[in-house]
Amino acid sequence: MEIIDKRNSLPTHPSKRYRRRSLSAIKNIAIHHSATTSGSAESFARYHVNTLEWPGIAYHYVVDKDGTISLCHDLEVVSYHVGNSNYRAVGICMVGDFRTQQLTEAQKTATQNLVLSLLDVLTVDIDDVWGHQEFPGYEWKPCPSINMGNFRSELFARGDRGELPIYRSVSYSSGPRTRTYLSYGDQGDDIKALQERLEILGFKPGVIDGIFGKVTEDAVKRFQRAANLSVDGIVGPETRDALKRYDQDVPLIELASPTDVDTDDGGLYELESRRTLRLLSPYMRGEDIRDVQEKIGAVADGIFGPATAEAVRRYQRRKGLVSDGIVGPRTWQALDQNDTGGVPYSRLIFLTNPYIQGRDVKRVQRALNISEDGIFGPITDQAVRNFQRRERLNIDGIVGPNTWSRLFG
Ligand SMILES: [Zn+2]
């Protein structure tokens with residue numbers, strides 16, 4: 001019998017962990033159906049972790065309709081599947097809704113094989129193999145919606161025929177390999193899991209559709225900036241690891257919002273997501289390069305050639321940065337500090353209901369040295385008034401052309 005080992009590949013909660021027990025604490029095997037017409041260990045794990053915020057998937061094993069068995073936890077893990085009986089039970093979930101669907105022969109055989117192999121290593125008898133509904137307090141629950149009496153009779157019959165020892169030989173495979181690098185254009189379950197994780201962390205990756213598009217790429221880049229990783233929009237081992245560990249309680253208001261909330265400017269993703277600029281062959285081109293060139297006093301042709309690289313190096317030396325001629329996160333940060341970061345003056349911003357939001361608000365907040373949430377609320381209003389007072393401007397709390405140019409001039 002072959003079992004796919006998914007113990008290290010399924011989504012888990014970033015901080016919560018299930019308790020553990022000794023094997024001798026196990027007194028029952030609990031049989032479940034998923035109560036969904038389809039599904040997989042991966043999709044159940046995502047639901048249990050992302051939506052229910054459990055430490056991990058509920059079940060120790062998931063048996064697909066075609067009889068494929070996935071191992072999800074060590075037997076010692078006390079996962080959540082039968083309430084008060086969790087501590088004493090191992091959970092096996094058969095994919096399907098057996099209120100309306102039929103248990104397939106392959107699935108039934110695989111589940112029975114699995115149970116027989118477990119009876120061999122646990123101090124549990126066939127009489128201790130219970131449907132979810134047979135556990136105390138769950139009489140109301142239509143799970144697994146198969147006849148457990150028949151299920152046990154068949155197990156007894158197979159045990160009598162001496163089939164038990166066969167299941168001493170269980171082999172494990174690692175299952176489908178997970179891709180090491182995920183990037184723009186990729187599709188699949190792993191992309192969906194990535195999007196769900198970004199969503200949970202507040203990075204708003206767009207529609208959770210399993211497609212690594214522009215919005216997801218932007219979310220990855222914003223995450224990488226927030227996590228102080230190199231910002232390339234590619235999810236490799238470092239980014240994957242950071243995604244796993246990232247503490248979602250850290251306030252990330254600026255980086256968490258999609259960068260297009262305040263404008264219909266189509267080029268904004270490129271601006272805000274901050275690709276790393278450097279001398280490459282062929283030369284990199286773009287508005288962001290033109291923007292940098294203007295700031296560092298190079299010819300603003302939007303092409304990153306040797307002269308631009310040299311100008312970047314000069315700028316970096318002036319700012320006390322490593323002068324490598326590469327515009328990475330540190331250099332971007334320096335370029336941002338005392339200017340609008342490429343955000344043009346475009347409108348009056350002031351305290352109104354609902355609050356005005358946008359990148360221009362963030363830049364104003366940065367210039368005023370207050371918390372940058374991009375929302376023009378009372379605190380921003382007060383800070384603007386204070387600034388206007390200091391600068392002997394008209395004290396109206398409105399950032400119009402005069403206040404704007406004084407802030408950034
Ligand atoms: Zn159940």
Side-chain angles (χ1 to χ4, degrees), residues 3-4 6-7 10-13 16 18-19 21 25-119 122 124-155:
I3 294 177
I4 301 174
K6 296 184 179 170
R7 283 176 295 183
L10 295 176
T12 55
H13 193 277
K16 295 180 187 170
Y18 282 129
R19 285 192 300 157
R21 63 188 165 196
I26 299 170
K27 308 292 184 202
N28 288 103
I29 293 172
I31 306 293
H32 302 267
H33 68 155
S34 64
T36 55
T37 52
S38 62
S40 61
E42 286 77 9
S43 67
F44 303 149
R46 280 201 297 272
Y47 178 70
H48 295 155
V49 172
N50 298 351
T51 305
L52 303 181
E53 300 199 328
W54 291 354
I57 188 171
Y59 314 112
H60 295 83
Y61 294 93
V62 171
V63 184
D64 294 344
K65 288 174 202 266
D66 65 1
T68 304
I69 302 171
S70 300
L71 170 62
C72 308
H73 288 303
D74 295 338
L75 294 172
E76 288 90 343
V77 170
V78 183
S79 55
Y80 303 159
H81 60 108
V82 280
N84 288 337
S85 303
N86 286 329
Y87 193 75
R88 54 184 293 146
V90 167
I92 299 175
C93 177
M94 299 182 291
V95 176
D97 184 345
F98 303 133
R99 292 170 297 189
T100 57
Q101 292 177 313
Q102 201 64 37
L103 175 62
T104 68
E105 205 55 38
Q107 195 175 17
K108 185 174 77 176
T109 304
T111 306
Q112 290 182 342
N113 289 350
L114 173 61
V115 168
L116 289 170
S117 75
L118 290 172
L119 295 181
L122 298 170
V124 171
D125 296 323
I126 290 173
D127 282 324
D128 305 317
V129 180
W130 296 352
H132 187 176
Q133 191 172 39
E134 294 175 297
F135 282 81
Y138 285 103
E139 296 77 9
W140 55 272
K141 187 141 185 142
C143 179
S145 295
I146 61 167
N147 186 322
M148 283 304 297
N150 289 349
F151 188 85
R152 281 186 290 265
S153 303
E154 289 177 29
L155 286 174

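Each ligand, and each atom within it, is numbered from 1 in the order the structure gives. Just so it is clear, the structure is predicted and the values come from calculations on it, not from any experiment.
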Within 2.8 Å of the Zn ion (ligand 1), is there any N, O or S atom belonging to [X]?
X    : result
H132 : yes
H32  : yes
C93  : no

Point to revise | S117 side, atom OG; I69 side, atom CD1 - distance, nearest 0.5 Å | key: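 Result: 7.0 Å between the selected atoms.
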Review point. Run the salt bridge (charged side-chain N to carboxylate O under 4.0 Å, His left out) check on R152 and D127 step by step: do they pass?
Key: CA-CA 7 Å; R152 281 186 290 265; D127 282 324; 5.1 Å; no
Check your understanding: Can you tell me if OH on Y47 sees more than 12 non-hydrogen neighbours from other groups inside 6.0 Å?
Key ->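 Not more than 12 within 6.0 Å, no.
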Review point. For the rings on H48 and Y59, is their centre-to-centre separation under 6.0 Å?
Key: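 Yes; Y59 has its ring centre under 6.0 Å from that of H48.
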